[in-house]
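In what follows, a structure is listed as structure tokens, so that the remarks can point back to it.
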Amino acid sequence: MTAQVPSPAANHGFGIDVGGSGVKGGIVDLGTGQLVGERFKLATPRPSTPDAVAKTIAAVVAHFGWTGPLGVTYPGVVTDGIVRTAANIDDSWIGTNATEVYRTALGGQPVTVLNDADAAGLAEERFGAGRDQTGVVVLLTFGTGIGSAVIHNGVLLPNTEFGHLEVDGKEAEHRAASSVKEHKGWTYERWTKEVTKVLVAVENAVWPDLIIAGGGISRKADKWVPLLTNRTPVVAAALQNTAGIVGAAMAAHGDGTG
Ligand code: BGC
């Protein structure tokens with residue numbers, strides 16, 4: 001069934017979050033950061049090549065019958081629509097003009113492609129855990145890797161890659177992604193020691209006013225955020241599984257992207 005298409009005049013946008021297991025989309029009220037209706041998810045194709053992901057995105061858009069600008073996240077660096085890195089996705093993405101591939105798959109609809117953590121950061125800063133905060137907000141997502149977003153007074157500094165900072169001789173995401181906790185069978189206490197090291201490296205580099213902890217493991221934030229011993233206040237992400245969709249829709253409308 002195709003959902004009803006809202007009028008663009010109603011300040012609605014459309015976002016798609018491309019993750020390791022699912023491609024999720026929804027219509028977003030850009031005034032409130034809420035989804036208008038349901039979130040729709042299809043499995044991420046394997047291998048997750050550009051053409052395969054583009055087909056899946058087209059199917060998500062078709063489900064809603066959405067026409068008009070839309071934003072799509074990508075789990076790596078994207079500059080001017082072109083993919084630069086592929087840490088946890090198929091290598092064939094590197095050098096791909098993602099904006100063009102998606103636009104073609106969608107029959108010419110304008111598409112904005114941005115980093116997944118940047119999208120989540122935009123949404124959290126505006127509508128979620130950072131909404132009353134001024135100054136520098138850093139969002140870190142803990143999942144398969146570690147993603148980062150830096151937002152200063154509502155404007156994103158795109159493509160920070162704190163997950164790839166070297167911390168004590170090891171890449172941050174190899175030290176403290178939630179996948180490392182799972183893989184090693186660590187307790188929250190053990191894992192949080194590694195997370196603290198990463199947060200200290202980040203806060204010594206950019207001195208944020210607030211750090212927002214995102215990613216699936218932020219749902220269990222009460223089990224581990226209180227154990228952190230870094231300097232900057234850390235709060236759990238509030239929007240959970242809609243942040244990427246909302247932030248992508250915001251970026252497609254130039255909200256928070258300067
Ligand atoms: C990528 C980031 C991405 C993060 C979460 C990292 O490996 O380099 O760009 O935001 O994973 O998907």
Side-chain angles (χ1 to χ4, degrees), residues 15-24 41 43-48 50 53 56-57 71-96 98-99 112-125 128 137-151 156-167 170-183 191 194-195 198-199 201-202 205-206 208 211-219 236-237 239-248 250-251 256-257:
I16 297 191
D17 194 15
V18 176
S21 61
V23 175
K24 295 142 275 181
K41 175 174 170 178
T44 305
R46 304 225 181 276
S48 49
V53 174
T56 308
I57 282 173
V72 182
T73 71
Y74 172 81
V77 173
V78 186
T79 57
D80 294 326
I82 300 177
V83 168
R84 303 294 181 184
T85 69
N88 297 307
I89 192 166
D90 200 87
D91 277 354
S92 59
W93 277 96
I94 295 178
T96 299
T99 302
T112 301
V113 183
L114 78 164
N115 175 263
D116 55 358
D118 282 348
L122 279 176
E124 286 290 342
E125 198 271 348
V137 174
V138 168
L139 169 121
L140 294 173
T141 60
F142 296 90
T144 310
I146 294 180
S148 59
V150 176
I151 293 151
L156 174 73
L157 170 68
N159 290 312
T160 56
E161 285 286 319
F162 296 157
H164 299 286
L165 276 182
E166 192 178 309
V167 177
K170 202 173 193 172
E171 240 177 292
E173 73 175 23
H174 295 156
R175 185 175 278 292
S178 63
S179 58
V180 175
K181 176 182 183 297
E182 247 164 68
H183 183 68
W191 176 66
E194 304 301 322
V195 176
V198 169
L199 297 189
V202 168
V206 294
I211 295 176
I212 302 175
I217 202 160
S218 66
R219 280 186 210 115
L239 301 179
Q240 305 294 354
N241 57 16
T242 63
I245 296 173
V246 173
M250 288 171 66
T257 49

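Side chains included, hydrogens not; waters and symmetry mates left out as well; all remaining heavy atoms used. Count residues from 1 along the sequence. In listed order, ligands and their atoms are each counted from 1.
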Practice task
For Asn159 and ligand 1, answer yes if some heavy atom of the residue is under 4.0 Å from a ligand atom, otherwise no.
Solution key: no

Exercise for the section: Show your working on side chain to side chain contact (heavy atoms under 4.5 Å, CB included) between Asn88 and Glu173 and close with a plain yes or no. Expected result: CA-CA 11 Å; Asn88 297 307; Glu173 73 175 23; 3.8 Å; yes

Practice task
Answer yes or no: is there a donor N or O on one side and an acceptor on the other, between the side chain of Ser48 and the main chain of Ile89, under 3.5 Å?
Solution key: no

Fill in the blank from the handout: Under 4.0 Å between heavy atoms, the region of Ala87 that gets near ligand 1 turns out to be side chain

Problem - Proximity to ligand 1 by part of Asn115, non-hydrogen separation under 4.0 Å - result: side chain

Fill in the blank from the handout: Looking only at non-hydrogen atoms, the one of Asp116, Val77, Ile89, Val78 nearest atom 3 (C) of ligand 1 is Asp116

Handout entry: For His164, atoms of ligand 1 separated by under 4.0 Å from a heavy atom
Key = 1 (C), 6 (C), 7 (O), 8 (O)

Exercise for the section: With the side chain counted from C-beta on, respond yes when Ile245 and Lys24 share a heavy-atom pair under 4.5 Å apart, and no when they do not. Expected result: yes

Practice task
Check ligand 1 against Asn88 and write out every atom of the ligand that is under 4.0 Å from a heavy-atom position of the residue.
Solution key: 7 (O), 11 (O)

Practice task
Indicate, as side chain, backbone, both or neither, the part of Thr85 found under 4.0 angstrom from ligand 1 when only non-hydrogen atoms are considered.
Solution key: neither

Handout entry: Donor-acceptor contact below 3.5 Å, side chain Asp80 vs main chain Ile82
Key = no

Fill in the blank from the handout: of all protein heavy atoms, closest to atom 6 (C) of ligand 1 is Glu173 OE1, 3.3 Å

Practice task
Report the C-alpha distance between Leu165 and Arg175 in whole Å, list the side-chain angles of each, state the deciding distance to 0.1 Å, and finish with yes or no for side chain to side chain contact (heavy atoms under 4.5 Å, CB included).
Solution key: CA-CA 10 Å; Leu165 276 182; Arg175 185 175 278 292; over 6 Å; no

Practice task
Look at the side chain of Trp191 and the backbone N and O of Ala176, then say whether any donor-acceptor pair between them is shorter than 3.5 Å.
Solution key: yes

Handout entry: From Asp17, Val83, Asp116, Asn115, residue fulfilling side chain to side chain contact (heavy atoms under 4.5 Å, CB included) relative to Pro75
Key = Asp116

Exercise for the section: Decide whether the shortest distance between a heavy atom of Gly76 and an atom of ligand 1 is less than 4.0 Å. Expected result: yes

Fill in the blank from the handout: For Ile146, the atoms of ligand 1 under 4.0 Å from one of its heavy atoms are 4 (C), 6 (C), 11 (O)

Problem - Non-hydrogen side-chain atoms of Val198 and Phe162 separated by less than 4.5 Å - result: no

Problem - Protein residue, atom and distance nearest to atom 9 (O) of ligand 1, heavy-atom basis - result: Glu161 OE2, 2.6 Å

